[in-house]
Every structure is written in C-alpha cells, then in structure tokens.
There are 2 protein chains.
Amino acid sequence: MTESFEQLCKDLNISPSITRKSIFNYMKEVEEAYHPTVDDIYKNVKKDIPTLSKTTVYNVLNLFIEHNLVRAIPMATNQKQYELMLDNHSHFICNECHKIFDIPHVKTVVNEDDLHHFQIENEEVVLRGICKDCLESHNA
Amino acid sequence: MTESFEQLCKDLNISPSITRKSIFNYMKEVEEAYHPTVDDIYKNVKKDIPTLSKTTVYNVLNLFIEHNLVRAIPMATNQKQYELMLDNHSHFICNECHKIFDIPHVKTVVNEDDLHHFQIENEEVVLRGICKDCLESHNA
DNA sequence: GTCCTTGCAAAGCGTTTGCACAGAA
DNA sequence: TTCTGTGCAAACGCTTTGCAAGGAC
C-alpha cells in the first residue's frame, strides 16, 4: 500500500484535511510499533496541531472506521486501541503486560458445514499467552 | 463439564454463596443462547434475589474472571459481554445486528517460526459477516 | 471477636452529543 | 450563502471505588 493519503481520500470520497492527514500519518508511523489509543493520538498529533481537540480525534477515527480505513480493537481495559487496516495480519496479546503484537496472518480452517447460515466477511485470529519480554523478566 | 457449582468453588477455593450460584446458574442457562451483559445478568438474577445490586454482579463476575471461570468479551459498544469458559468454541459476530454466535471451534494454522518468541496459551478465532437473520431480512 | 459478602452512593473515565464558530466552495 | 470541519463543554453510560452494614465462622 503505497498510495498517498490524498489518493486514499479520493477513493473514499472524503476531503483530505490537514487534521485527518496528520492523524493518518501518525497511525501509519506507529503501525509497526503499537496500536495507539485516542489519548496517544491526541497527545502526539497535538504537537503538530496545537488546537487539536479530543472530539476531533474521535470524529476522524469514526469517519475512518466508517470507511474501513481504521479498525477499533475493544480492549479489556475499556480503552479502545486503533489500527490502520492496510494489510492483513493477526494479533498476539500478552496476558501479563497486555501489549498487542502484530504477527503474520494466521490461517484458519473453517468447516463450511458449520456455517452455511452465515455470510463470512472476514476473520480475526487472536493468540494469547506470554510475550518474549515478560518471559525474560521471569528469569531475571 | 458436569461438575456441580459447589465442587467448582471447592476447586477454585472460593465460597459458594447463593448470589454466586445464582449468577453462575443464569450464565449456564443462557450459555447456548447468548452472551449476557452485566445488565442482563442483573435484571434476571434479581428476579430470584430482589436485593441484588449491580455492584455485586460486577464483584462476582470479576471474581469468576480471576479464577478463569468466566471470560469478558470487550465489545465495540463499550458494554462487555460475559461467558462461561467451560468449553472451547469460536465466535461469529454479525456486522449488522452485532449478535455473537457460538460456532464450533475453528482450528488455526500457526506458523511456529513466526512465533518462537511467544509462549502461546490460547487462541481465539472471531469470524465476522452477516448472520442468517439479517440476510433474510434483506430479502424481505 | 475477625473475615467475608453484599449493596448503596459517589466517583471515575472513555466516549458521544449539542451547539457554535470558522473556513471552504 | 450553504456545507463541512473543528472544538469547547456538557452529558452519557459502563465500571470501579469507598465505605458501612450484616452474616458466617
């Protein structure tokens, strides 16, 4: 996905405002590293746009979600985390530190007979366990 | 899993109070049908225990969660849904009506090479799409 | 007595809504 | 002018916390 934000907006038929672009760019920048909360996005994009409000962050994220550009991940902590939906990957969530790690897409083996009543549009796999860092701190 | 609630509590080393038993029984009763919210549990168990408070429902659920008897499913709606963890199944969530359906366990194909840093404890598969009822109402 | 369970009321906190202002078309 | 994007403040709703009363042991 090397499309520009402007082209993306054209495809989605939304206007590419500065605010939207900054939020998109921030999410793109951190997408390999972590899945930001609204607060993360607010604090970081505010550095470039000091007048930014949290309402706008919510507005923009919800707009992106409507257009399938972003996905909200509901968390046990009640604080959602957001990610761009530009590729297809799975998640590993650590049961100790609760970090989400992107992992290469995990295939599933769906038994079609079980699901002939449903129209499947996508599938998510979440693996849970202990991440490398937490395992290491056990031995420390 | 045909163990009695009393035996379950003995195993978990918690006391089997009437309130806890009623909440457990309600969850057991509806487990095939749906995944109740705190409000569902509160309203229904209150029929048997009129003095029940929502705080107690939260207390009991959190106790059950600590002991891995119950699992909270964070939802897009910010209202968690709860389920007993007595068997192993997967979920189908309808993108239109947002109902959660239990479906037989969907196997995954994990590439171990991708995950040698992580200790996997369990895996969840969530399929999303349109459920039978919503498909039918399209044609109506 | 002590410990544990329960429940009321209040606080906490993430998110949404109402509404107004400013800028673009 | 009309429409759209933004932002403040307030409201909303789910969940947690503080604390006290009652019961079990």
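Order of the sequence lines fixes the chain letters, A, B, ..., with proteins taken first and strands second; residue numbering starts at 1 for each chain.
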Is the shortest side-chain N/O distance from B/Thr51 to OP1 or OP2 of C/dG7 below 4.0 Å? yes
Count I, L, V, M, F, W, Y as connected when their side-chain heavy atoms are under 4.5 Å apart, and connections chain through other members. Are A/Ile73 and A/Ile41 then in the same cluster? no
When you check the phosphate oxygens OP1 and OP2 of D/dG7, does a side-chain N or O of A/Thr56 lie under 4.0 Å from one of them? yes
From CD1 of A/Ile18 over to C1' of D/dG7, roughly how many Å is that when rounded to an integer? 17 Å
Just the rounded figure in Å: distance from P of C/dT15 to CE of A/Met75. 12 Å
Can you tell me if the side-chain N/O atoms of B/Ser53 get under 4.0 Å from OP1 or OP2 in C/dT6? no
To the nearest Å, how far apart are A/Leu61 CG and C/dT17 P? 15 Å
Atom pair CG/CZ of A/Leu84 and A/Phe24 - distance to nearest 0.5 Å: 5.5 Å
Which is true for B/Thr19 with a 4.0 Å heavy-atom rule: it touches a base, it touches only sugar-phosphate, or it touches nothing? sugar-phosphate
Nearest to the side chain of B/Ser17, heavy atoms from C-beta on, is which of D/dG5, C/dG7, C/dT6? C/dT6
Test: A/Lys54 cationic atom under 6.0 Å from A/Tyr42 six-membered ring centre, within 45° of axis: yes
For B/Ser15, does its backbone N or O pair with a side-chain atom of B/Arg20 as donor and acceptor, under 3.5 Å? yes
Is the number of heavy atoms from other residues, nucleotides or ligands within 6.0 Å of NZ (A/Lys21) greater than 12? no
Taking A/Asp40 for its side chain and A/Thr37 for its backbone only, find out whether a donor-acceptor pair lies under 3.5 Å. yes
Protein N or O to nucleotides 13-19 of chain D N or O, pairs below 3.5 Å:
unit_1 : atom_1 : unit_2  : atom_2 : d
D/dC14 : O3'    : B/Asn78 : O      : 3.3
D/dT15 : OP1    : B/Lys80 : N      : 3.2
D/dT15 : OP2    : B/Tyr58 : OH     : 2.5
D/dT15 : O5'    : B/Tyr58 : OH     : 3.1
D/dT16 : OP2    : B/Asn62 : ND2    : 3.4

Rounded to whole angstrom units, what separation is found between the OH atom of B/Tyr42 and the C1' atom of C/dT6? 13 Å
Rounded to whole Å, the CD1-C1' distance (A/Ile23 to D/dT6) equals 11 Å
Do B/Asp11 and B/Gln7 meet the criterion of a side-chain donor-acceptor pair at a distance under 3.5 Å? yes
N/O (side chain, A/Ser15) to phosphate O (OP1/OP2, C/dA24) under 4.0 Å: no
